[in-house]
Amino acid sequence: MTPDRFPPATMPQLRRRAFVVASLAAPLLLWGGGARAFPRDPDRTLASVRGAGRMVVAASDNPPWVVTGGGDPSGVEVTLVQRFAQMLAVGVDWLRLPAFEALQAVEQGKANLAIGGFSRASVTAQKVAAPTYTYFTERLVVAAPDARSVPADLDGQPVYVPPDLVVEQAIRDRGGLPVHDPDSATLIALPHWRVAAAGMAPTGIEVARREHVLALRRGENAWLFELEQFLRGQEAAVPDLLEGAR
């Protein structure tokens, strides 16, 4: 009698094999069934926007990111929203609101999205909305009138801080003297993308960073996923949008 090429498995071996097969099959079952339901929107934001053919966007004035004065809104983030709406094949209804009210509007379900040049820190601190991932990092730097005026450091140097920047403490931490009179300093703090347009020379001194985000209702994960997928495809376009907004 010819012996079996593969001897019968013992009961412990059968149990181990069954466990391995079940372990391998579980992810496939999830993918084929329940996993398709994730990410989900408890309030069905993505489905509602697609069903209505409209998205409501709360826009807070903050040039060049959002400009709400007169006519239709414009600015870097307005362009991003318009492109996102075009991708979804929906229209946009705008709500012009102050920054905090814009964030409140998404959490209260009055708007699907809030824009306003928000930083991740500012959205997180308010605790009324969720930030997207950082689609653009803005470096706040110190610039000089020309290359010959570039200092080695900020020790004892007056630095003009425009009203829209909050970097006074960061400048003090580097030994500089923040001032609010542009005529009392030759150095100026400004976003990195504005240095060349302002006719200034970079000093290589960075005082802070702002991580730019959009804001939406917390927990709306399918909506967040769709938006972030779109934003990742737009990262390379943001510098050009800022160039056009100067």
Side-chain angles (χ1 to χ4, degrees), residues 36-138 164 210-242 244-246:
R36 291 183 182 175
F38 294 95
R40 291 187 295 189
D41 286 341
D43 292 308
R44 305 185 73 253
T45 299
L46 180 57
S48 299
V49 167
R50 282 177 166 157
R54 311 289 299 177
M55 77 166 77
V56 180
V57 180
S60 176
D61 192 67
N62 185 5
W65 308 97
V66 179
V67 181
T68 60
D72 293 333
S74 60
V76 173
E77 291 182 349
V78 170
T79 299
L80 291 177
V81 166
Q82 290 169 334
R83 291 178 180 178
F84 182 48
Q86 185 176 21
M87 185 193 80
L88 294 176
V90 301
V92 182
D93 296 325
W94 300 101
L95 296 178
R96 293 170 171 82
L97 296 170
F100 182 70
E101 291 180 24
L103 295 176
Q104 279 186 317
V106 293
E107 194 62 19
Q108 294 169 353
K110 298 176 182 176
N112 307 122
L113 187 61
I115 62 174
F118 298 123
S119 69
R120 173 173 299 279
S122 65
V123 173
T124 303
Q126 297 300 334
K127 299 180 180 179
V128 293
T132 62
Y133 92 107
T134 301
Y135 75 86
F136 181 75
T137 299
E138 184 177 44
D164 61 325
R210 286 197 293 212
E211 297 180 326
H212 282 272
V213 300
L214 308 186
L216 65 163
R217 192 170 190 173
R218 291 176 288 189
E220 296 300 280
N221 294 320
W223 180 236
L224 174 64
F225 179 81
E226 195 79 12
L227 177 58
E228 289 190 338
Q229 287 289 98
F230 164 79
L231 288 174
R232 291 183 196 282
Q234 294 292 312
E235 283 184 5
V238 174
D240 289 336
L241 292 176
L242 284 167
R246 292 176 186 174

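Because the structure is predicted, anything quoted here is derived from the model rather than measured.
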For a quick test of reading the model, state the closest non-hydrogen atom pair linking [X] to [Y] and the distance between them.
{"X": "Val128", "Y": "Gln104", "result": "CG2-N, 4.2 Å"}
{"X": "Arg120", "Y": "Pro131", "result": "NH1-CG, 3.6 Å"}
{"X": "Glu235", "Y": "Thr134", "result": "OE2-O, 4.4 Å"}
{"X": "Thr132", "Y": "Val213", "result": "O-CG1, 3.4 Å"}
{"X": "Ala114", "Y": "Ala102", "result": "CB-O, 3.6 Å"}
{"X": "Thr68", "Y": "Ala59", "result": "CG2-O, 4.0 Å"}

What distance do [X] atom [atom1] and [Y] atom [atom2] have between them, rounded to the nearest 0.5 Å?
{"X": "Trp223", "Y": "Leu216", "atom1": "CH2", "atom2": "CG", "answer": "8.0 Å"}
{"X": "Gln234", "Y": "Gln229", "atom1": "CD", "atom2": "CD", "answer": "12.5 Å"}
{"X": "Lys127", "Y": "Leu103", "atom1": "NZ", "atom2": "CG", "answer": "14.0 Å"}
{"X": "Leu113", "Y": "Leu95", "atom1": "CG", "atom2": "CG", "answer": "11.0 Å"}
{"X": "Thr137", "Y": "Glu211", "atom1": "OG1", "atom2": "CD", "answer": "5.5 Å"}
{"X": "Glu77", "Y": "Phe136", "atom1": "CD", "atom2": "CZ", "answer": "11.0 Å"}

[Y] backbone acceptor or donor facing [X] side chain under 3.5 Å:
{"X": "Ser60", "Y": "Gly116", "result": "no"}
{"X": "Thr124", "Y": "Ala121", "result": "no"}
{"X": "Asp41", "Y": "Ala222", "result": "yes"}

With a 4.5 Å cut-off on side-chain heavy atoms, are [Y] and [X] touching?
{"X": "Val67", "Y": "Val78", "value": "no"}
{"X": "His212", "Y": "Phe118", "value": "no"}
{"X": "Tyr135", "Y": "Arg232", "value": "no"}
{"X": "Trp94", "Y": "Val56", "value": "no"}
{"X": "Pro64", "Y": "Leu242", "value": "yes"}
{"X": "Met55", "Y": "Leu88", "value": "yes"}

Problem - CZ/Arg44: more than 12 non-hydrogen atoms of other groups inside 6.0 Å - result: no
Problem - Salt bridge flag under 4.0 Å for residues Glu101 and Lys110 - result: no
Exercise for the section: State plainly whether the residues Asp43 and Arg217 are in salt-bridge range, i.e. N to O under 4.0 Å. Expected result: yes
Handout entry: Thr45 and Ser48 side chains, donor-acceptor separation under 3.5 Å
Key = no
Fill in the blank from the handout: The residue among Val92, Val66, Asn112, Leu214 that forms side chain to side chain contact (heavy atoms under 4.5 Å, CB included) with Val57 is Val92
Exercise for the section: Just say parallel, tilted or perpendicular for the rings of Phe230 and Phe84, cut-offs at 30° and 60°. Expected result: tilted
